[in-house]
Amino acid sequence: MFHKILIANRGEIACRVIDTCRKLGVATVAVFSDADRTARHVEMADEAVHIGGPQPAESYLRGDAIIAAAQATGAQAIHPGYGFLSENPEFVEAVEAAGLTFIGPSAKAIRAMGLKDAAKKLMDEAGVPVVPGYHGAEQGDDLLAEEAGKIGYPVIIKAVAGGGGKGMRLVERAGDFSDALASARSEAKTAFGNPDVLVEKFVTAPRHIEVQVFGDGREAVHLYERDCSLQRRHQKVIEEAPAPGMTEEMRAAMGEASVRAAEAIGYAGAGTVEFIVDGSDGLRPDGFWFMEMNTRLQVEHPVTEEVTGIDLVEWQLRVAAGEPLPLSQTEIPLRGHAFEARLYAEDVPAGFLPATGRLAHLAFAPECRAETGVRTGDEISPFYDPMIAKLVTHGATREIALGKMRRALAGTQVAGTVTNLGFLSALCAHEGFAAGEVDTGLIERDLSALTQDDGPAPADVALAALAGAGLLDAPETVTGFALWSPLRRTILLERAGEVLSPVIEMAGPEAARITVGDVVVEARRRPEGWRLDGVRAPEVAITGDLVTVFTGAGHGFRVPDPLAILSADGQGGDVVEAPMPGLVKAVFVAPGDTVAAGDRMAIMEAMKMEHTLTAPRDGVVAEVFAAEGAQVEAHAALIALTPEEGEDA
Ligand code: MV4
């Protein structure tokens with residue numbers, strides 16, 4: 001085994017590799033960009049080397065700087081993680097030329113699978129099922145139409161240079177072929193600078209099922225399948241193992257085909273053989289076709305680890321260090337079911353746009369294995385993938401593992417950025433998904449229901465108001481309210497560009513009525529915390545001026561300083577504040593009252609002296625923030641006047 005390795009990656013996968021290195025007694029070297037100086041993977045590694053600027057091209061894609069870091073630190077091998085340099089054959093050659101070990105397949109194996117067309121041909125020759133189709137260089141209109149007829153409709157036209165769905169056209173009948181061909185070609189030309197297409201039999205109700213393989217350079221084994229059909233715009237959202245509806249017969253057929261694929265290219269290390277599966281009529285042993293092979297450890301590898309009990313990173317290191325495959329095919333177990341949900345900082349209502357922000361609070365539930373590269377206080381920056389964590393659950397049955405995922409999602413707390421947590425929860429509550437009816441069209445079909453955002457309920461706003469008023473803590477520490485008399489106070493909360501103004505009316509220290517719009521929420525304090533309309537309040541994080549209520553995907557509210565709001569336009573004379581901490585003895589005005597400059601508005605008592613607070617100018621009282629009997633802090637806003645008009649500078 002190696003005594004020290006370098007991890008040429010960042011984020012959760014770098015942390016994941018370091019975890020296994022620790023378990024194996026292998027020392028670790030992290031590399032980091034300017035944006036990652038204090039990142040979790042840097043903290044976890046034994047040593048860390050700075051390799052450049054925040055853009056990937058300036059750091060994590062700089063093979064030369066990474067190899068130099070390995071040499072300078074005495075690392076014997078480089079683990080590439082996924083993405084970045086993981087499938088770059090020139091990097092593999094450079095690593096080997098430097099006398100180091102690349103923890104992954106050979107440059108030759110990566111090249112064999114890198115060219116999608118050549119890979120299909122190779123697989124066909126190795127006896128791996130490939131979708132029937134035409135992949136020739138001749139691109140004449142008539143020839144392509146004739147080939148489509150031979151394949152049999154429906155067919156799919158794909159850009160040869162494509163991937164990810166660009167330049168793809170489904171053609172249902174011969175009469176539509178020439179129009180579809182023209183538009184696929186023009187899209188391919190625009191997107192890839194290459195108008196060439198291929199034609200394939202269209203697989204209806206496609207499912208994405210992939211097989212984990214492991215080779216030692218000569219022989220290979222498989223570690224069963226993962227179903228990654230729950231995708232949105234070719235991005236995986238939830239993965240699981242095993243595939244719902246998989247039969248022993250089909251699993252054996254897919255496993256054997258995948259082992260043939262790996263052995264055909266002398267594969268070493270962890271790889272994944274991706275298949276497209278016809279899910280229109282159950283799973284059949286003759287209904288799967290090779291799509292491509294990924295020559296790296298994949299994001300979703302943990303579901304395979306959960307159902308096999310095998311640490312795939314450990315296997316990667318052992319095989320790269322020259323050990324034989326740790327288990328033979330028949331020794332590899334398959335037990336229970338596992339799910340992985342990808343938690344992203346993204347704005348779902350805005351069309352799943354990547355989001356950024358500082359994670360003011362981050363906590364995971366005990367039901368899941370959370371793979372993450374960030375912790376509370378870290379920034380989701382615009383430079384990298386905005387994944388916050390992968391949440392992984394395992395159970396004896398699919399139902400149990402899914403139930404654990406629902407609870408894991410409900411117990412996940414993220415403050416400081418929007419996330420796809422609500423979307424993931426909606427997916428896990430989807431009846432079809434629960435029944436195992438997964439296919440690549442599920443998310444698009446039910447998108448509006450899955451992305452419906454009801455926003456916070458009145459009880460959530462009420463709880464945020466209590467938090468904003470400093471009333472979540474024990475009564476002894478409460479300021480601003482007398483313990484014995486009903487008091488009224490308006491709390492300003494900002495959410496999604498809107499200002500909410502719930503009103504709290506205290507009825508002693510143990511009870512409050514909170515008015516949110518036209519809804520009244522009854523709150524009672526119990527030894528274990530507040531109850532709202534009889535229901536135990538969810539958890540709340542208070543981080544600076546941000547209050548996050550953890551219901552659904554979490555609802556964040558800014559609690560602006562009333563002074564800041566009211567003085568934002570230079571109207572500093574609008575608010576009467578407490579000159580010192582003390583008791584509000586009397587308030588003489590109410591909202592709507594007209595006052596003249598110098599009028600007595602309230603009396604405060606502090607240090608056994610009375611202070612009279614007067615109106616700073618002529619005006620109308622807008623709001624009374626603290627009432628008689630209230631204990632207030634210095635500079636607490638007590639009374640606001642309606643801002644004057646026509647005074648814009
Ligand atoms: C297909 C197909 C149906 N029949 N090929 C989409 C992107 C590219 N990687 C391959 N894709 C597809 N190829 C044939 N012959 C349906 C898709 C497809 C898809 C495949 C896997 C996962 C999600 C998908 C979503 C839409 C379409």
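What you see is a predicted model, and the numbers here were worked out from it, not measured in a lab. Counting starts at 1 for both ligands and their atoms, in listed order.
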So is R398 actually on top of F433's ring, under 6.0 Å and inside 45° of the axis?
yes
Got a sec, which pairs hit salt bridge (charged side-chain N to carboxylate O under 4.0 Å, His left out) with one end in residues 332-354, sequence neighbours left out?
E239-R342, E300-R342, E340-R342
I'd like to know if R369 and E371 make a salt bridge, using a cut-off of under 4.0 Å between side-chain N and carboxylate O.
yes
Polar atom proximity, [X] to ligand 1 (N or O, under 3.5 Å):
X: H234; answer: no
X: I156; answer: no
X: T440; answer: no
X: Q231; answer: no

Closest by any non-hydrogen atom to atom 2 (C) of ligand 1: pick that one out of I276, I151, D439, V277.
I276
Is the F352 to F423 ring centre distance short of 6.0 Å?
yes
Tell me if the centroids of the rings in F383 and Y60 come within less than 6.0 Å of each other.
no
Parallel, tilted or perpendicular, as decided by the 30° and 60° cut-offs, for the rings of Y224 and H222
perpendicular
Once you round to the nearest 0.5 Å, how far does CD of E210 lie from OG of S229?
9.5 Å
Hey, is E292 one of the residues with a heavy atom under 4.0 angstrom from ligand 1?
no
M168: heavy atom below 4.0 Å from ligand 1, yes or no?
yes
Under a 4.0 angstrom heavy-atom cut-off, which atoms of ligand 1 come close to [X]?
X: M291; answer: 10 (C), 13 (N)
X: V131; answer: 15 (N)
X: F202; answer: 3 (C), 4 (N)
X: K201; answer: 4 (N), 14 (C), 15 (N)

Start with the C-alpha distance between D227 and K236, add both sets of side-chain angles, then the distance that settles salt bridge (Lys or Arg N to Asp or Glu O under 4.0 Å), and finish with yes or no.
CA-CA 10 Å; D227 193 310; K236 293 169 189 168; over 6 Å; no
